[in-house]
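Shown next, in structure tokens, is the structure this report addresses.
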Amino acid sequence: MRRTRSTKIVATLGPASGSPEVIGALFDAGVDVFRLNFSHGTHDEHRARYDIIRAVEQERKRPIGILVDLQGPKLRVGTFVDGKVVLKAGQSFRLDLIDRPGDETRAFLPHPEIFEAISPGTDLLLDDGRIRLRVVRLRGKVAETEVVTGGPLSNRKGVNVPNAVLPLSALTEKDRRDLRFGLDLGADWIALSFVQRPEDVAEARRLIEGRAAIMVKLEKPQAIERLQEILDLTDAVMVARGDLGVEMPPEDVPGLQKRIVRACRAAGKPVVVATQMLESMVSAPAPTRAEASDVATAVYDGADAVMLSAETAAGAYPLEAVAIMSRIIGRVEQDPLYRPIMDAEHSPPEHTAADAITAAAAQVAQTIGAAAICTFTTSGSTTMRAARERPTSPILGLTANLATARRLAVLWGVHWVPTRDIRSFSDMVERARRVAVQEGVAQSGDRLVITAGVPFGTPGSTNTLRIAWVE
């Protein structure tokens with residue numbers, strides 16, 4: 001089963017999509033990577049979904065990626081005597097560490113780290129930005145604020161501090177438990193929430209010890225300020241536009257999305273655009289035209305993947321959401337404008353042998369009209385560099401390492417085929433020919449461009465390019 005599109009789809013599993021029938025149907029509709037959101041659900045529920053995905057993978061004979069998304073530190077106010085209060089613009093409102101239900105004058109804020117990071121003039125956003133408070137005075141662990149934007153505020157609503165670096169690790173005790181569970185389960189990716197600084201990524205990498213790849217969710221303005229440092233440490237990036245849109249003006253998010261995608265493409269690291277892409281399909285069978293344009297924009301930008309969240313986890317139309325997203329991607333990639341836009345954003349190759357070979361492979365494939373670029377890889381680095389070029393020909397990723405194929409199921413333009421290690425140049429050519437025909441990529445008379453590393457099976461040693469006829 002080969003996708004005819006290059007941009008991949010990530011879908012979140014949840015109550016609406018936990019059965020073997022639905023997960024299998026979601027894969028058939030176009031899902032390439034499944035996300036397990038550890039902000040919700042129990043370990044037993046996630047284990048059951050993991051097992052179903054692996055059963056679908058075995059049935060469909062195509063590698064499927066699994067992303068474990070850690071919750072991260074969630075900052076919330078406490079409860080209220082009547083469950084809810086209504087705040088009015090201009091009134092005073094106190095935040096403190098007194099653990100008792102709040103009222104119209106005060107609320108419990110059980111996060112001493114926030115009091116350490118704020119100062120007079122700092123804005124606090126509550127309930128996804130619907131409520132805005134401005135700090136007027138600080139007295140120890142008590143913040144006197146003025147309500148700038150009022151409205152109803154109920155129990156345990158979230159708190160964002162847009163312009164402060166909080167002295168918090170991106171990994172809570174819950175996250176550490178979830179991380180151990182996810183790694184033991186066999187997750188291909190670990191997504192880190194609430195990353196503020198490069199040190200957060202380094203801490204996670206020490207704990208993960210190479211057992212899974214790291215995907216940083218960019219949702220804090222402080223992380224954007226150190227984007228290149230974070231990009232150097234992570235394996236992939238998710239543009240988490242929901243929280244990003246809360247912590248900064250909405251008008252800034254589209255430009256940031258393009259900047260992040262461009263930086264990831266230049267680095268040759270996968271980038272996923274996420275949050276509210278087809279939000280109306282949580283309750284409607286078709287998206288709005290604006291949502292279709294939003295998905296299309298991410299595809300035109302050259303994102304490796306686009307993601308569905310509540311649409312497939314809790315929505316009424318999970319299969320329809322995946323199907324329409326796949327159709328939007330396909331239509332964009334067939335647009336005559338798509339290729340010129342992609343080429344205009346193309347970064348020059350780095351000064352390495354691997355980049356020289358993969359850049360040449362893309363150029364040769366285009367010049368001779370090759371049916372495919374076949375990349376033999378162990379670690380995935382050869383294929384990642386090939387995908388960085390965004391070639392006009394499809395990429396066949398051939399690897400003896402199933403973990404590599406699963407992990408890079410998120411990668412733009414690559415159709416993965418697990419195969420045994422190659423032993424010689426003749427074996428390499430023959431294997432590429434056979435797989436290309438079996439997978440419906442090539443037929444007799446077509447040409448293939450083949451890249452590999454010699455000695456064969458040596459990670460990161462791409463140094464060979466061959467052109468072969470399919471007989």
Gln276: which residues meet the side-chain contact (heavy atoms from CB on, under 4.5 Å) condition with it, sequence neighbours left out? Glu279
Looking just at side-chain N and O atoms, do Gln71 and Ser193 make a donor-acceptor pair shorter than 3.5 Å? no
Enumerate the residue pairs fulfilling ring pair (Phe, Tyr, Trp, His ring centres under 6.0 Å) with a member in residues 160-180, sequence neighbours excluded, ordered by first and then second residue. none
Among Val10, Leu67, Leu26, side chain to side chain contact (heavy atoms under 4.5 Å, CB included) partner for Phe34: Leu26
Test salt bridge (Lys or Arg N to Asp or Glu O under 4.0 Å) applied to Glu225 - qualifying residues, sequence neighbours left out: none
Under the rule for ring-ring contact (aromatic ring centres under 6.0 Å, His included), what residues qualify as partners of His46, not counting sequence neighbours? Phe38
Check side-chain contact (heavy atoms from CB on, under 4.5 Å) between Ala16 and all other residues, then give those that pass, not counting sequence neighbours. none
Ignoring hydrogens and geometry beyond distance, is a side-chain donor-acceptor pair present between Arg241 and Thr275 at under 3.5 Å? no
If the condition is side-chain contact (heavy atoms from CB on, under 4.5 Å), which residues does Pro391 pass it with, not counting sequence neighbours? Ala362, Ile373, Glu389, Ile395, Trp412
Within a reach of under 6.0 Å around CD of Glu251, are more than 12 heavy atoms found that belong to other residues, nucleotides or ligands? yes
Give me each pair satisfying ring pair (Phe, Tyr, Trp, His ring centres under 6.0 Å) with a member in residues 168-209, each pair once, sequence neighbours excluded. His43-Phe181
Any non-hydrogen side-chain atom of Leu87 less than 4.5 Å from a side-chain atom of Ile131? yes
Can you find a side-chain donor-acceptor pair between Thr377 and Thr375 that sits under 3.5 Å? no
By salt bridge (Lys or Arg N to Asp or Glu O under 4.0 Å) - contacts of Glu199 (at least two apart): Arg226
Would one find more than 12 heavy atoms of other residues, nucleotides or ligands at under 6.0 Å from atom NZ of Lys141? yes
Identify, with sequence neighbours excluded, every residue that meets side-chain hydrogen bond (donor to acceptor under 3.5 Å, both in side chains) alongside Thr358. none
Residue set satisfying salt bridge (Lys or Arg N to Asp or Glu O under 4.0 Å) with Asp252, at least two apart, ordered chain then number -> none
With sequence neighbours excluded, residues passing salt bridge (Lys or Arg N to Asp or Glu O under 4.0 Å) with Glu247: Lys220
If you measure only the distance, is there a donor-acceptor pair under 3.5 Å linking the side chains of Thr297 and Asp294? no
Give the C-alpha distance, both sets of side-chain angles, the deciding distance and a yes or no for side-chain hydrogen bond (donor to acceptor under 3.5 Å, both in side chains) between Arg35 and Thr12. CA-CA 4 Å; Arg35 171 179 174 246; Thr12 307; 2.8 Å; yes
Strictly by modelled atom types, are Asp200 and Gln196 linked by a side-chain donor-acceptor pair under 3.5 Å? no
Under the salt bridge (charged side-chain N to carboxylate O under 4.0 Å, His left out) rule, what pairs show up with a residue in residues 23-34, not counting sequence neighbours? Arg3-Asp32, Arg5-Asp32, Asp28-Arg60, Asp32-Arg62
For Leu227 and Ala263, work out which heavy atoms get closest and say how close. CD2-CB, 4.0 Å
Carboxylate-amine/guanidinium proximity below 4.0 Å for Asp69 and Lys217: yes
Counting neighbours of NZ on Lys174 that are heavy atoms of other residues, nucleotides or ligands and sit closer than 6.0 Å, is the number greater than 12? yes
